[in-house]
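A note on names: the letters A, B, ... follow the listed sequences, proteins ahead of strands, and every chain is numbered from 1.
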2 protein chains.
Amino acid sequence: MSVAIENFVKAIYKNNNNDVNDTKPGNIAKKLGISNAAATDMAKKLAAKNLLNYEKYQALQLTNKGEKMALNVIRKHRLWEAFLHKTFDMTLHEIHREAEFLEHETSDFLANKISDYLGNPKFDPHGDPIPNEKGEITTIDTSISLSNTQEGKQYIISRLMSDDKEFFDFCAQNGLKYGNSILVTKQFSKNKMTQISINNNTILLNEDFTNIIYVNDLN
Amino acid sequence: MSVAIENFVKAIYKNNNNDVNDTKPGNIAKKLGISNAAATDMAKKLAAKNLLNYEKYQALQLTNKGEKMALNVIRKHRLWEAFLHKTFDMTLHEIHREAEFLEHETSDFLANKISDYLGNPKFDPHGDPIPNEKGEITTIDTSISLSNTQEGKQYIISRLMSDDKEFFDFCAQNGLKYGNSILVTKQFSKNKMTQISINNNTILLNEDFTNIIYVNDLN
DNA sequence: ATTAATTTTTAAGCTTACTTAAATTTTTTA
DNA sequence: TAAAAAATTTAAGTAAGCTTAAAAATTAAT
């Protein structure tokens, strides 16, 4: 399917949260940076393709087929983000920009390869869920910040909640990457510091860092 | 620039080898699977953009600007091939198919990240040269087949010249991957076998394999 | 409950990247 | 070298994905 169509169903899916009116043509148009007229036009076309239900002046509603398409694109976007982040040490800002294009030119075959390579993660580096091949989503993110972890337990890094270049470089240099495994060796609760072991290195992190590094239980 | 334009200049560049007539609109049209009329049309448009020189009934000639664009796309194509091949153990056939799409949606920034990650290789897994960022090409491939290597020397794997699934799986399992380093420990010239060391494993390969595994000197 | 403001739709038009059909030019061949 | 074949160009037309402008409907405000 074309890039325009994929972006359209994706925008509807993403706007479908709070207010019903958020999926009206005008709001989708605003999100995509196109005119209202273009959005109405596209809505009619997609209704003919059975991707959404269109009724004059009403909010747009994705059909099952439309939602599947949206989830498929979102899956590819988030897999690329996770992959670029981990493989090339790119910041959260950079990976989003690239994934926005790559998502449309990725076969299901390649998406599965990326997913397997990453260990089929359920969440991307932003903490957003990655739909599986069938379009199923795990909604509850069990990630916790490093400051809330327990001594002696092993975790997998799930998020580095920052776009600060220095923080990011520090993480990359020390193997603190999305998907990598760490061991919490000591919690200095009084000083709000956490000691971890990664790749046989011991690192002591202060509050500034332990609050923005998120991890998942290893089981 | 659009996908159609990128593919057009790429097709001209790739056809510009033997016969001058190979870059006439009809031959480009055939290569791209479009009508001759469409090719003529596009040629005129690209001439207006100073990407090629167009004269009625004559072969199409890329300008410097057009050639740079072609080389940039080819660079991205081959970097993706090399990367997918090494990272996901995909066959030469599979990587080509994916790269054909990804090449158009890859920023120069990401292309450089991929190149750095691979160690800025000069040739892709098919043995085709990878232009550098400036569009410069190393034309002479110094690869030799494993059967022609010298005992005691270290090499970098540059090509696995086959699309046979079994051969490919064998290579992947044993770390015989594009870009990986190996040590030739013994040449059994009489039996036409080669013993190599890779990742602290010793593998004995017969003629069938040593003839289709290509390597480069490590210097 | 009107009026005003906003949103949605319709209508007409544009660009890109194609198509087919016919006209023109070039190339081949006898 | 003239006729036949092939390639190229021109012309007209199409679909996708937009635009702006005006009409119609909905929503908000007084």
Side-chain angles (χ1 to χ4, degrees), chain A residues 1-13 15-16 18-62 65-66 69-70 73 100-101 103-105, chain B residues 1-13 15-16 18-62 65-66 69-70 73 100-101 103-105:
Chain A
M1 217 41 65
S2 76
V3 173
I5 293 178
E6 287 187 351
N7 279 332
F8 202 87
V9 295
K10 183 177 148 191
I12 297 174
Y13 182 88
N15 264 20
N16 192 24
N18 313 312
D19 194 341
V20 196
N21 292 325
D22 289 349
T23 63
K24 281 194 169 180
N27 290 316
I28 301 302
K30 199 175 287 171
K31 186 151 195 167
L32 294 174
I34 59 177
S35 69
N36 287 7
T40 300
D41 234 52
M42 183 61 98
K44 285 187 197 164
K45 274 184 207 163
L46 298 200
K49 284 185 198 291
N50 197 32
L51 289 166
L52 52 79
N53 297 313
Y54 173 72
E55 277 188 82
K56 269 192 182 186
Y57 303 108
Q58 302 303 306
L60 305 176
Q61 308 278 177
L62 289 179
K65 190 179 162 196
M69 182 182 286
V73 178
E100 206 64 29
F101 294 104
E103 63 184 11
H104 303 294
E105 304 302 336
Chain B
M1 217 42 65
S2 76
V3 173
I5 293 178
E6 288 188 350
N7 279 331
F8 203 86
V9 295
K10 184 177 146 192
I12 296 175
Y13 182 88
N15 265 20
N16 193 23
N18 313 312
D19 194 341
V20 195
N21 292 324
D22 288 350
T23 64
K24 281 194 169 181
N27 290 316
I28 301 302
K30 199 175 288 171
K31 186 151 194 168
L32 295 173
I34 61 178
S35 69
N36 287 7
T40 299
D41 235 50
M42 183 61 100
K44 284 188 198 163
K45 276 185 207 160
L46 298 199
K49 285 184 199 290
N50 196 31
L51 289 165
L52 53 80
N53 297 313
Y54 172 72
E55 278 188 82
K56 268 192 181 186
Y57 304 107
Q58 302 304 306
L60 306 175
Q61 307 278 174
L62 290 179
K65 189 179 164 196
M69 182 183 287
V73 178
E100 206 64 28
F101 294 104
E103 63 183 12
H104 304 293
E105 303 302 335

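A heavy-atom distance below 4.0 Å to DNA chain C is reached by these residues of residues 21-28 of chain A, ordered by number: A/Lys24, A/Pro25, A/Gly26.
Here A/Met69 contributes atom CE and A/Met1 contributes atom CE; the two are 4.0 Å apart, rounded to the nearest 0.5 Å.
Atom C1' of nucleotide D/dT26 and atom CD of A/Gln58 are separated by 10 Å, given to the nearest angstrom. For B/Asp19 and C/dT27, the CG to P distance is 11 Å, given to the nearest whole Å. The distance from atom CG of B/Asn7 to atom C1' of C/dT16 is 15 Å, rounded to the nearest whole Å.
Judged as a salt bridge (charged side-chain N to carboxylate O under 4.0 Å, His left out), the pairs with a partner in residues 4-13 of chain B (not counting sequence neighbours) are, in order, B/Lys10-B/Glu100, B/Lys10-B/Glu103.
Direction change of the helix axis from one end of the helix from C/dA1-D/dT30 to C/dA30-D/dT1 to the other is 10°, with five pairs defining each end axis (rounded to 10°).
The side-chain hydrogen bond (donor to acceptor under 3.5 Å, both in side chains) check on A/Gln61 picks up nothing, with sequence neighbours excluded. Partners of B/Tyr13 under the side-chain contact (heavy atoms from CB on, under 4.5 Å) rule, at least two apart in sequence or in another chain, are B/Leu62, B/Glu67, B/Ala70, B/Leu71, B/Ile74, B/Ile137.
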Compile the donor-acceptor pairs under 3.5 Å between side chains in residues 32-40 of chain A and protein atoms, sequence neighbours left out, one pair per line.
unit_1, atom_1, unit_2, atom_2, d
A/Ser35, OG, A/Ala38, N, 3.1
A/Thr40, OG1, A/Asn36, O, 3.2

Please tabulate, one pair per line, all N/O donor-acceptor pairs under 3.5 Å involving side-chain atoms of residues 20-31 of chain B, not counting sequence neighbours.
unit_1, atom_1, unit_2, atom_2, d
B/Thr23, OG1, B/Val20, O, 3.4
B/Thr23, OG1, B/Leu60, N, 3.4
B/Thr23, OG1, B/Leu60, O, 2.9
B/Asn27, ND2, B/Asn21, O, 2.7
B/Lys31, NZ, B/Asn15, OD1, 2.9

Throw together a table of side-chain donor-acceptor distances under 3.5 angstrom for residues 43-55 of chain A, partners on residues two or more places apart or in other chains.
none

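OP1 or OP2 of C/dT7 has not a single side-chain nitrogen or oxygen of A/Lys30 nearer than 4.0 Å.
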Checklist outcome for this item: Each nucleotide of nucleotides 11-25 of chain D classed B (base within 4.0 Å of a protein heavy atom), S (only sugar-phosphate) or -, in 5' to 3' order, makes -----SBBBB----S
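Residue contacts shown for B/Phe8 are absent, as no nucleic acid heavy atom lies under 4.0 Å away.
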